[in-house]
There are 2 protein chains.
Amino acid sequence: MTSSSLESLGPFRQLSEGSRKLLRRGAVLVQCGPPAPILQPGQSISGAYFVVRGRLRVYAIAPDGTEATLYFISPGETCVFALNSLFNDLRYPAWVQAEAGTTVALIPGPVFRELFQKEPSIQDVTVRALSTLVFRLMEELEEVHAYKLDQRLANLLLIHASAAGELAMTQQRMAAHLGTTREVVARLIREFVAQGYVETGRGVTRIKNADGLARLIAASA
Amino acid sequence: MTSSSLESLGPFRQLSEGSRKLLRRGAVLVQCGPPAPILQPGQSISGAYFVVRGRLRVYAIAPDGTEATLYFISPGETCVFALNSLFNDLRYPAWVQAEAGTTVALIPGPVFRELFQKEPSIQDVTVRALSTLVFRLMEELEEVHAYKLDQRLANLLLIHASAAGELAMTQQRMAAHLGTTREVVARLIREFVAQGYVETGRGVTRIKNADGLARLIAASA
DNA sequence: ACTGCTGTGTAGCTTTTGGTACAGACCGCC
DNA sequence: GGCGGTCTGTACCAAAAGCTACACAGCAGT
């Protein structure tokens, strides 16, 4: 992998100095066609990850088999889950899954550690990445305990919908994201449809009244 | 505050090099008698915190007023909540409260940033602290979605009980910790008493059968 | 002893969420 | 067209958790 081909990638140009340095040194590109599992709990980490295109989903699986998304890692973000394990010699405690068409740059552990020692810009990138992750996790934890499922579902629809107000996601996946079951999602969506907030189709949900959803989320009860 | 008096403090001797360097440079000790709020959401951070004695509790408050503990910071740990805001110029999104008898060392923001640039040992301390926090938050998030309240309460009792199997904590505080209400805690504890797992007293809960509680937690249902 | 405060015990009801079960719709493929 | 798989719709019941209301117990101060 040369730096020129890396630089030809879309988001690369907007990256910080630290991120570019990371990628120029020993990064190996990994492409995913279909959604694919990358890490399982207990697996040791072979390096630091950097999302070039697509998205990674980090999630937990309960003993009864239900999933729940912990957080996402979007393009241009250093993949912090690796850093934890790289520095603390801990096993990673969650599953990681790449969405379809995701490209990930893998920086070998020793290379990353060496760069982290020498380069202030890479320290900066690292701390920012961890810091952002902490915020994201705190937000998620707060959301889980402060909001009811209908509000969290409304939020999911608003946040993840395309500009055209469409969300291409099955109810099964929404349920997995929220840590609940498909039936519950279907019931809540039925209510949204009755209120005229959304329309449903196979594998897609269209938002018809974003304000209505927003008001639902804001309602304190 | 001189380094000699800092070193006289109990946990100080076991600290890492980075932590000691942090404390020798411009740390201001802050003592708390009774439990006291330290930070409120939106408050900007004046420096990095380091817990010398006692414990900090970081928690969220839902619109309806119920609290939920996000994580604790124990003695000898760099207080990472500050680092987020120090590096990202973000406001801190949660409340922080010091338990009774807590001593916190406050390192001014500029001093910390300067040390972070120069000292590898301080970079190390910082990354470890953030990393640990990420793990703690992930664990908590997983627990919230994978376990029921009775299991989480049993876990709370086991984790926070003294060596003698006593937990000096009112049910109100347990409820705030778990993000629920006192009545629910009372109901669950009643069940524990009926099973012979615990005994209750005013402001204290005594564990009589730790194995029973442990089995309850392990039960997949 | 009286009072007030804080903490616990309990009952009953409502809401929310989860679990089971099944019917039907859409889609691609042979 | 027929078939199998995936996705959605829905009805019903069960469990979990929250809400309200109130009684009482321990403790401190006057």
Side-chain angles (χ1 to χ4, degrees), chain A residues 34-35 61-68 100 143-154 156-157 166-195 197-206 216-217 219-221, chain B residues 34-35 61-68 100 143-154 156-157 166-195 197-206 216-217 219-221:
Chain A
I61 300 190
D64 67 357
T66 59
E67 300 183 1
E143 185 189 308
V144 165
H145 117 268
Y147 296 100
K148 299 196 174 146
L149 263 182
D150 58 347
Q151 297 177 303
R152 299 212 292 134
L153 177 58
L156 167 66
L157 291 172
E166 281 206 353
L167 178 63
M169 198 178 191
T170 68
Q171 297 181 355
Q172 180 66 64
R173 285 179 59 77
M174 295 184 207
H177 185 129
L178 297 173
T180 182
T181 58
R182 188 195 64 78
E183 294 83 344
V184 174
V185 170
R187 180 162 61 208
L188 296 173
I189 294 223
R190 187 200 320 169
E191 187 58 27
F192 289 174
V193 171
Q195 297 288 325
Y197 297 159
V198 302
E199 272 178 11
T200 61
R202 186 185 171 83
V204 65
T205 305
R206 267 174 301 277
L216 177 67
I217 296 172
S220 50
Chain B
I61 300 190
D64 67 357
T66 60
E67 300 183 2
E143 184 188 307
V144 166
H145 118 268
Y147 297 99
K148 299 198 174 146
L149 262 183
D150 58 347
Q151 297 177 303
R152 300 213 290 134
L153 177 59
L156 168 66
L157 290 172
E166 282 206 353
L167 178 63
M169 199 178 190
T170 67
Q171 297 181 355
Q172 180 66 63
R173 285 178 59 77
M174 295 184 206
H177 185 127
L178 296 173
T180 182
T181 58
R182 187 194 65 77
E183 294 84 342
V184 175
V185 169
R187 182 161 60 207
L188 295 174
I189 294 223
R190 189 200 318 168
E191 186 58 28
F192 289 174
V193 171
Q195 298 288 326
Y197 296 160
V198 302
E199 272 179 8
T200 60
R202 186 184 172 83
V204 65
T205 305
R206 267 174 301 277
L216 177 67
I217 296 173
S220 52

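Just so it is clear: chains get the letters A, B, ... in the order the sequence lines come, proteins before strands, and each one is counted from 1.
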For [X] and [N], give me the distance from atom [atom1] to atom [atom2], rounded to whole Å.
| X | N | atom1 | atom2 | value |
| --- | --- | --- | --- | --- |
| A:L149 | D:dA15 | CG | C1' | 15 Å |
| B:L178 | D:dA17 | CG | P | 11 Å |
| A:K148 | D:dA16 | NZ | C1' | 14 Å |
| A:E67 | C:dG18 | CD | C1' | 17 Å |
| A:L188 | D:dG9 | CG | C1' | 13 Å |
| B:D64 | C:dT16 | CG | C1' | 14 Å |
| A:E191 | C:dT16 | CD | C1' | 13 Å |
| A:D150 | C:dG18 | CG | P | 12 Å |

Sequence-distant partners of A:T200, side chain to side chain donor-acceptor pair (under 3.5 Å), two or more places apart: none
Side-chain donor or acceptor of B:R152 paired with backbone N/O of B:E143 under 3.5 Å: no
Pairwise side-chain contact, B:L153 with B:F192, heavy-atom cut-off 4.5 Å (strictly under): yes
Under-4.0 Å side-chain N/O to phosphate OP1/OP2 contact, A:T181 with C:dT17: no
Residue pair A:M169 / A:H177: nearest heavy atoms and the distance that separates them: CE-ND1, 4.2 Å
Atom of B:L216, atom of B:A154 and distance for their closest heavy-atom approach: CD2-CB, 4.1 Å
Spacing of B:R187 atom CZ and B:L149 atom CG [to the nearest 0.5 Å]: 9.5 Å
Heteroatom pairs (N/O) under 3.5 angstrom, protein to nucleotides 4-11 of chain C:
| from | atom 1 | to | atom 2 | distance (Å) |
| --- | --- | --- | --- | --- |
| C:dT6 | O2 | B:R202 | NH1 | 3.2 |
| C:dT6 | O2 | B:R202 | NH2 | 2.9 |
| C:dT8 | OP1 | B:G203 | N | 3.1 |
| C:dT8 | OP2 | B:Q171 | N | 3.0 |
| C:dG9 | OP1 | B:T200 | OG1 | 2.8 |
| C:dG9 | OP2 | B:Q171 | NE2 | 3.0 |
| C:dG9 | O6 | B:R182 | NH2 | 2.9 |

